[in-house]
Amino acid sequence: MKTLFLNEFLVLAEQLNFSNAARKLGINQSTLSRHIKQLEEELGTPLFSRTTQKIELTAYGSAFIPHAMAIMEHEKAYERAADAIRRDTAHRISLGVCGFPGYYGITALFSAFKTRYPESIIDVRMGSTEDMLGRLQSGILDTAFVHDTGGLTEDYAMIPYREDYLSVSLPVRHPLAKQKVLHLSDLKDEVFFIRHKKDSTPWRFEIQTLQDAGFTPKISSNKNAWEDSVINCSNEVSLVKQGLADKLKGNVHVAIIDLEPRIHTDLYLIYPKSHRLTEIVSAFVNFTAARREPL
């Protein structure tokens with residue numbers, strides 16, 4: 001049943017004159033007459049009685065008025081709901097972040113973008129690199145900030161956001177804690193506390209990095225959180241990205257030592273090349289690219 005015909009029925013029921021109703025609807029009289037006839041055939045009942053002198057509603061027509069009005073109102077309600085969804089979709093960005101967004105100025109980036117595009121809605125989800133890549137491919141996320149520690153292929157558009165690299169975290173009482181710079185080979189006899197989930201992308205990256213330095217690292221069996229291990233003065237060392245390292249500088253329990261040569265874990269805003277970006281997501285990508293700054 002075409003709701004267009006229902007509207008024409010309601011106007012004709014009000015006017016009870018084909019000529020006047022057609023004029024009000026902006027269509028010709030023959031079109032209106034044909035549509036009403038189609039509606040009556042679909043319903044299987046006459047809605048109007050017609051004579052050469054006048055037109056009147058039948059009992060079926062009178063009974064049909066409130067139902068036609070209800071159907072029209074439901075259609076309008078749906079159109080309003082659909083418009084709201086379209087507006088929401090047009091302004092929404094589903095964005096993933098690996099790690100805490102404040103470490104790399106991402107929270108400030110969001111704030112600046114919202115100032116430029118106040119209608120935007122940024123839906124932020126945090127998780128591992130694997131989480132971000134899976135959600136990007138499935139379309140749950142539009143774009144994501146991830147570190148280049150493996151898993152990124154040519155299937156992704158990669159917009160550089162921040163230079164990033166690894167440093168060494170040591171307990172302040174560690175014999176190497178006073179060094180200005182360390183080489184990974186200086187750590188070959190140390191026990192490493194790997195902060196990432198075993199076999200995750202960053203875990204594999206750190207293990208491979210240490211192996212590339214010429215040794216297989218001894219891995220801590222400590223089941224405590226890394227922060228607990230630091231506070232309790234364990235003698236284990238960790239590799240940390242610069243975003244976190246900056247937050248730890250000045251911590252009474254931790255010494256942060258630079259590594260030479262630098263081992264990059266640069267941060268990128270990425271999205272699958274096969275996905276078409278909405279206007280607001282494209283604006284965010286361009287906004288991010290324009291604000292790229294080194295750490």
Side-chain angles (χ1 to χ4, degrees), residues 96-107 125-133 144-152 161-268 294-295:
V97 181
C98 293
F100 188 69
Y103 287 171
Y104 295 92
I106 296 175
T107 302
R125 305 188 187 196
M126 292 188 285
S128 66
T129 300
E130 289 82 1
D131 290 337
M132 298 300 103
L133 297 183
F145 287 99
V146 299
H147 293 274
D148 185 13
T149 55
L152 301 180
Y161 175 64
R162 291 287 188 275
E163 180 186 15
D164 199 12
Y165 44 89
L166 293 178
S167 295
V168 182
S169 165
L170 302 164
V172 290
R173 296 181 182 178
H174 193 285
L176 297 175
K178 301 296 184 182
Q179 298 294 317
K180 297 295 184 183
V181 175
L182 287 170
H183 303 278
L184 282 180
S185 58
D186 298 329
L187 305 172
K188 60 183 172 54
D189 297 322
E190 303 297 329
V191 176
F192 284 82
F193 188 105
I194 308 294
R195 298 174 52 252
H196 310 287
K197 183 179 178 180
K198 186 175 181 179
D199 292 325
S200 65
T201 297
W203 188 91
R204 291 194 299 270
F205 176 80
E206 291 190 8
I207 296 297
Q208 186 63 54
T209 295
L210 297 172
Q211 291 175 342
D212 290 345
F215 64 95
T216 298
K218 295 186 281 290
I219 306 300
S220 170
S221 60
N222 191 336
K223 301 301 182 182
N224 293 325
W226 177 67
E227 291 82 358
D228 293 335
S229 298
V230 169
I231 292 171
N232 291 321
C233 299
S234 72
N235 214 37
E236 298 158 343
V237 303
S238 291
L239 299 178
V240 295
K241 298 182 182 69
Q242 200 62 22
L244 175 57
D246 284 344
K247 302 300 179 185
L248 291 172
K249 287 178 179 177
N251 187 299
V252 296
H253 302 288
V254 178
I256 300 296
I257 312 297
D258 290 337
L259 278 172
E260 285 189 357
R262 281 188 174 179
I263 300 164
H264 280 261
T265 58
D266 296 338
L267 189 61
Y268 290 85
L295 282 169

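Position 1 is the first residue of the sequence; numbering continues from there. Model, not experiment: these values are computed from the prediction.
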Nearest non-hydrogen partners of [X] and [Y], listed with the distance:
X      : Y      : value
Ser169 : Val254 : OG-CG1, 3.4 Å
Asp164 : Gly243 : OD1-N, 3.7 Å
Gly96  : Met132 : CA-SD, 3.3 Å

May I have the list of side-chain donor-acceptor pairs in residues 200-211 shorter than 3.5 Å, sequence neighbours left out?
| residue | atom | partner | partner atom | Å |
| --- | --- | --- | --- | --- |
| Ser200 | OG | Lys197 | O | 2.7 |
| Ser200 | OG | Trp203 | N | 3.4 |
| Thr201 | OG1 | Glu130 | OE2 | 2.5 |
| Arg204 | NH1 | Asp199 | O | 2.2 |
| Glu206 | OE2 | His196 | NE2 | 3.1 |
| Gln208 | NE2 | Asp212 | OD1 | 2.8 |
| Thr209 | OG1 | Phe205 | O | 2.7 |

Problem - Worked verdict on Leu166 versus Thr265 for side chain to side chain contact (heavy atoms under 4.5 Å, CB included) - result: CA-CA 7 Å; Leu166 293 178; Thr265 58; 3.9 Å; yes

Problem - Pair His147, Asp266: side-chain N/O donor-acceptor within cut-off below 3.5 Å - result: no

[X] vs [Y] side-chain heavy atoms within contact, under 4.5 Å:
X      : Y      : result
Ile256 : Leu170 : no
Leu239 : Ile263 : no
Leu152 : Val146 : yes

Let me confirm one number: the [atom1]-[atom2] distance from [X] to [Y], rounded to the nearest 0.5 Å.
X      : Y      : atom1 : atom2 : value
Gln242 : Leu248 : CD    : CG    : 10.0 Å
Asp131 : Met126 : CG    : CE    : 12.0 Å
Ser167 : Ile257 : OG    : CD1   : 9.0 Å

Problem - Sequence-distant partners of Arg262, side-chain contact (heavy atoms from CB on, under 4.5 Å), two or more places apart - result: Glu163, Tyr165, His264

Without placing hydrogens or testing angles, list every side-chain donor-acceptor pair under 3.5 Å for residues 181-193, not counting sequence neighbours.
| residue | atom | partner | partner atom | Å |
| --- | --- | --- | --- | --- |
| His183 | ND1 | Glu260 | O | 2.7 |
| Asp186 | OD2 | His183 | N | 2.8 |
| Glu190 | OE1 | His174 | NE2 | 2.8 |

Problem - From CA spacing to verdict: side chain to side chain contact (heavy atoms under 4.5 Å, CB included), Val252, Val172 - result: CA-CA 7 Å; Val252 296; Val172 290; over 6 Å; no

Practice task
Please check if the distance between the ring centroids of Tyr161 and Tyr104 is under 6.0 Å.
Solution key: no

